[in-house]
Amino acid sequence: MTETLADTAAGPLEHPMPRAAGCPFDPPPALMALQTDSPISRVRIWDGTSPWLITRHDHLRTLLGDPRVSADPTRPGYPHRTAGMKASDQARQTFLTMDDPEHARLRRMVTAPFAVKKVEALRPSVQKIVDDLIDGMLAGPKPVDLVEAFALPVPSLVICELLGVPYEDHDLFQRNTKVVVRRTSTSEEVLAAQRELADYLDDLLTVKRARPADDLLSVLATERVATGEMTQRHAAETGVLLLAAGHETTANMIALGTLALLRNPDQLALLRDAEDPKTVAGAVEELLRYLNITHSGRRRVALEDIEVGGEVIRAGDGIIFANDIANRDPEAFPEPDRLDISRDARRHVAFGYGVHQCLGQPLARLELQVVYSTLYSRIPTLALATGFDQVEFKHDGIVYGVYELPVTW
């Protein structure tokens, strides 16, 4: 079982750890020190337990690919992110928090629209969404908040089209998603937000079952729920997962990536002047590696004793995979703290690793490629409209980013 602080002599470090003032793109210094001095070590989390923290790139990939490591948050020892997330995890489960074979069975039901070829077919419509939003920005007043005007609408419009969710309801799902991913939300607030989202999608599935369209919710309603392969409530909760993950993460990557590029004008110039799509695709991978917005780590629990890196993780021990610092591992990426869009960063673990690797990564890549290849070329004078030290970062979220990004041109 996961031991508590009382079981240790000196007591492990607190997790999550604070970032250094003035270095908002870099992982916390204490995390960087752990990777060098004690790459597999115990940390203390909010509930007083002390799961293992994995910080090296090779250790992370080894363990996330090990079937003796479980993603099931209902197992004793699982290191929940917050009290709110614990309540949420125990109240509902999706394929994301299941182990095989049930994980694979349910995941297959929603995989088809996220296949690379299917996603690539969306490129023209994603390009139109991006162009229309930029047209709107250019026609309106400036400065403008890039988050509200562009970064949030792009993935929201795309995932709404793919799922078959009316975009006019975006206030409802964006508001509730913010509550779910906020680290300070109470259990009651998280459960209420998830219930409102699931009720909304439950009602929408009923509509889709009566009047199906060419979208994923219609497929779930007519081919999975109607046949008894999945309950309607489970389909609704799966829809919540896809809707929330489909817009929140990419929106933060668009805004934070833009800020990182504005702070690295040589890299921005390389990207803006790139004519080869491979250069843009490479830039997306490097920004995913460098920024790693899922900075609270993947969570797992050991099913058996596992020896790795000279340590033995016991059955029942919680494990946190710190993918943000793993992506800065110098053994995997030379000069890891330097943003270099020309490097080969494809082995990054921003989308996780193993069977639970992010289902929506082809779609996220496509959206980011279209955004990064369009925004800075259409608005070459894009600039921050406030002091860098005035930008407020999401230190309190389980997804990292900025709350607002005032820009002008």
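- Salt-bridge annotation for Asp337 and Arg328: present, with a side-chain N of the basic residue lying under 4.0 Å from a carboxylate O of the acidic one.
- Taking the charged nitrogens against the carboxylate oxygens, Glu102 and Arg105 do have a contact shorter than 4.0 Å, which makes a salt bridge.
- To the nearest 0.5 Å, atoms CG (Leu53) and CD1 (Ile319) are separated by 11.0 Å.
- For the pair Ile320 and His15, the minimum side-chain heavy-atom distance is below 4.5 Å.
- Of the charged side-chain nitrogens involved, none lies within less than 4.0 Å of a carboxylate oxygen, so that Arg195 and Asp199 do not count as a salt-bridged pair.
- A donor-acceptor pair under 3.5 Å links the side-chain atoms of Arg289 to the main chain of Asn327, judged by distance alone.
- If you run side chain to side chain donor-acceptor pair (under 3.5 Å) between Glu286 and each of Arg346, Arg343, His348, only Arg343 comes through.
- Contact check on Glu229 versus Arg224 returns a salt bridge, with a Lys/Arg side-chain nitrogen under 4.0 Å from an Asp/Glu carboxylate oxygen.
- Arg81 and Asp89 are not joined by a salt bridge, as no carboxylate oxygen comes within less than 4.0 angstrom of a charged side-chain nitrogen.
- We find the CG-CG distance between Leu268 and Leu339 to be 10.0 Å, quoted to the nearest 0.5 Å.
- Residue pairs that meet the ring pair (Phe, Tyr, Trp, His ring centres under 6.0 Å) test with at least one member in residues 184-228, sequence neighbours left out, do not exist here.
- Taking NE2 of His57 as the start and CD of Gln35 as the end, the distance is 10.5 Å to the nearest 0.5 Å.
- Side chain of Asn264 to backbone of Asp266: no donor-acceptor contact under 3.5 angstrom is found.
- Ser377 places a side-chain N or O within 3.5 Å of a backbone atom of Thr374 that can act as its donor or acceptor partner.
- Using a cut-off of 4.0 Å between Lys/Arg side-chain N and Asp/Glu carboxylate O, Arg233 and Asp202 are scored as salt-bridged.
- Contact annotation: the side chain of Leu256 never approaches that of Leu405 to less than 4.5 Å [non-hydrogen atoms, C-beta and beyond].
- Within the 3.5 Å criterion, the main-chain N or O of Pro73 finds no donor-acceptor partner in the side chain of Arg299.
- Ser187 contributes a side-chain N or O that, together with a main-chain N or O of Ala83, makes up a donor-acceptor pair within less than 3.5 Å.
- Between Glu285 and Arg365 a salt bridge is recorded (basic side-chain N to carboxylate O distance below 4.0 Å).
- Salt-bridge check for Lys278 with Asp276: failed, with every basic side-chain N at 4.0 Å or more from each acidic carboxylate O.
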